[in-house]
Amino acid sequence: MRLHGKRLLGIYHRLLDRYGRQHWWPAETPFEVMVGAVLTQNTAWSNVEKAIANLKAAGMLERDSMLLMPRQALAEAIHPAGYFNVKAKRLHSLCRFLQRHPGLERLDSEPLRSRLLSVHGIGPETADDILLYAFNRPVFVVDAYTRRLFSRVGIIDPDIGYEQLRQGFEKALGADVPLFNEYHALIVVHGKSVCRPRALCEACVLDRHCLQSGVIRRQ
DNA sequence: ACCCAGGGTCATA
DNA sequence: TATGACCATGGG
């Protein structure tokens, strides 16, 4: 099942008309983007905001100061974001990686991506968040919302692999950083408010595009 | 009380 | 390679 650019752009414009520009990523620095990307793994953003505020207040929202902080103190600061022991370790891995790789931003996207993936705690989605929103690379971020929305619309197999799906979008849309930035943000906003796991899809602007909306409503 | 959230790693078969 | 357990908080 191939993805078509025109179809994807049609959906994009419906979302944009409905929700407006999102101005992502909600962070002030590339480092803050990376930290947020780790903290939001399987976690509601509202919880991440509290953790980030704690880090800011403690002066820890910077590579070297975060690295100097003991693991347990870091875990305490990010407590509201959940999985705090796991994530404290992952944040330290990220910091050590950044320290080991000065001039990281000069790498091409492919080698940069494989470097990121080699870091403990950075998987495909987190790596792509970082590539797109911290390094402005034309990488389409795939997450649970993306898979749910487009499988409900009926243009992908819900079990399609991450890599296949990502490259499908990138080939269909062409490398376009501002588009990828806005599109992913819109997918998330739409997913949080309307395209939920058991939603009835009543307020869905994709109504006519969405196969499942009718199916779910008829239940 | 239950479900879910802007995933990833590790052990097991 | 493919599942399953595990990590943990907070809002609806």
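Note that the coordinates shown come from a computational prediction; the quantities given were computed from them, not determined experimentally. The sequence lines fix the lettering, A, B, ..., with proteins before strands; numbering per chain opens at 1. Only heavy atoms go into these numbers, but all of them, side chains included; no hydrogens, no water, no symmetry mates.
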Using whole Å, report how far [atom1] of [X] lies from [atom2] of [N].
X: A:Gln41; N: B:dC4; atom1: CD; atom2: C1'; value: 17 Å
X: A:Ile130; N: B:dG7; atom1: CD1; atom2: P; value: 13 Å
X: A:Leu39; N: B:dG8; atom1: CG; atom2: P; value: 13 Å
X: A:Asp143; N: B:dG8; atom1: CG; atom2: C1'; value: 15 Å
X: A:Tyr83; N: B:dG8; atom1: OH; atom2: P; value: 12 Å
X: A:Arg147; N: B:dA5; atom1: CZ; atom2: C1'; value: 16 Å
X: A:Lys89; N: B:dG8; atom1: NZ; atom2: C1'; value: 12 Å
X: A:Phe84; N: C:dC6; atom1: CZ; atom2: P; value: 17 Å

May I ask you to say what [X] touches in the nucleic acid, namely base, sugar-phosphate or nothing, with a heavy-atom cut-off under 4.0 Å?
X: A:Asn47; result: base
X: A:Ile122; result: sugar-phosphate
X: A:Asn85; result: sugar-phosphate

N-O pairing of A:Glu110 and A:Arg113 below 4.0 Å:
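Judged by the 4.0 Å cut-off on N to carboxylate O distance, A:Glu110 and A:Arg113 do not form a salt bridge.
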When the P atoms of B:dC3 and C:dA5 are considered, how many whole Å apart are they?
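Approximately 16 Å lies between the P atom of B:dC3 and that of C:dA5.
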Looking only at atom P, what distance separates B:dG8 and C:dG10, rounded to whole Å?
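These two P atoms come out 22 Å apart once rounded.
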side-chain N/O [X] vs [N] OP1/OP2, d < 4.0 Å:
X: A:Thr126; N: B:dG8; answer: yes
X: A:Lys50; N: C:dG11; answer: yes
X: A:Arg148; N: B:dA5; answer: yes
X: A:Arg198; N: B:dC4; answer: yes
X: A:Asn42; N: B:dG8; answer: no

A:Asp129 or A:Leu117: which one's nearest nucleotide on DNA chain B is closer to the 5' end?
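Mapping each residue to its closest nucleotide by heavy atoms, the 5'-most match is A:Asp129.
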Given that A:His120 and A:His184 both sit by DNA chain B, which one's nearest nucleotide is further toward the 5' end?
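Its nearest nucleotide being more 5', the pick is A:His184.
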Side chain to side chain, A:Arg2 and A:Lys171, heavy atoms closer than 4.5 Å
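A:Arg2 does not reach A:Lys171 side chain to side chain.
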Would the [X] and [Y] ring centres measure less than 6.0 Å apart?
X: A:Trp45; Y: A:Trp24; value: no
X: A:Phe169; Y: A:Phe150; value: yes
X: A:Phe140; Y: A:His184; value: no

Side chain of A:Arg90 only, heavy atoms from C-beta on: which candidate in B:dC4, B:dG8, B:dC10 is closest?
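Nearest nucleotide to the side chain: B:dG8.
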Which nucleotide in the list B:dC4, B:dG7, C:dC7 gets nearest to the side chain of A:Val86?
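Of the options given, the side chain of A:Val86 lies nearest C:dC7.
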Counter-base of B:dT12, judged by Watson-Crick or G-U geometry with both distances under 3.5 Å:
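Pairing partner: C:dA2.
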Regarding A:Gln72 and A:Glu76, is there a side-chain donor-to-acceptor distance under 3.5 Å anywhere?
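Not at all, the side chains of A:Gln72 and A:Glu76 share no donor-acceptor pair under 3.5 Å.
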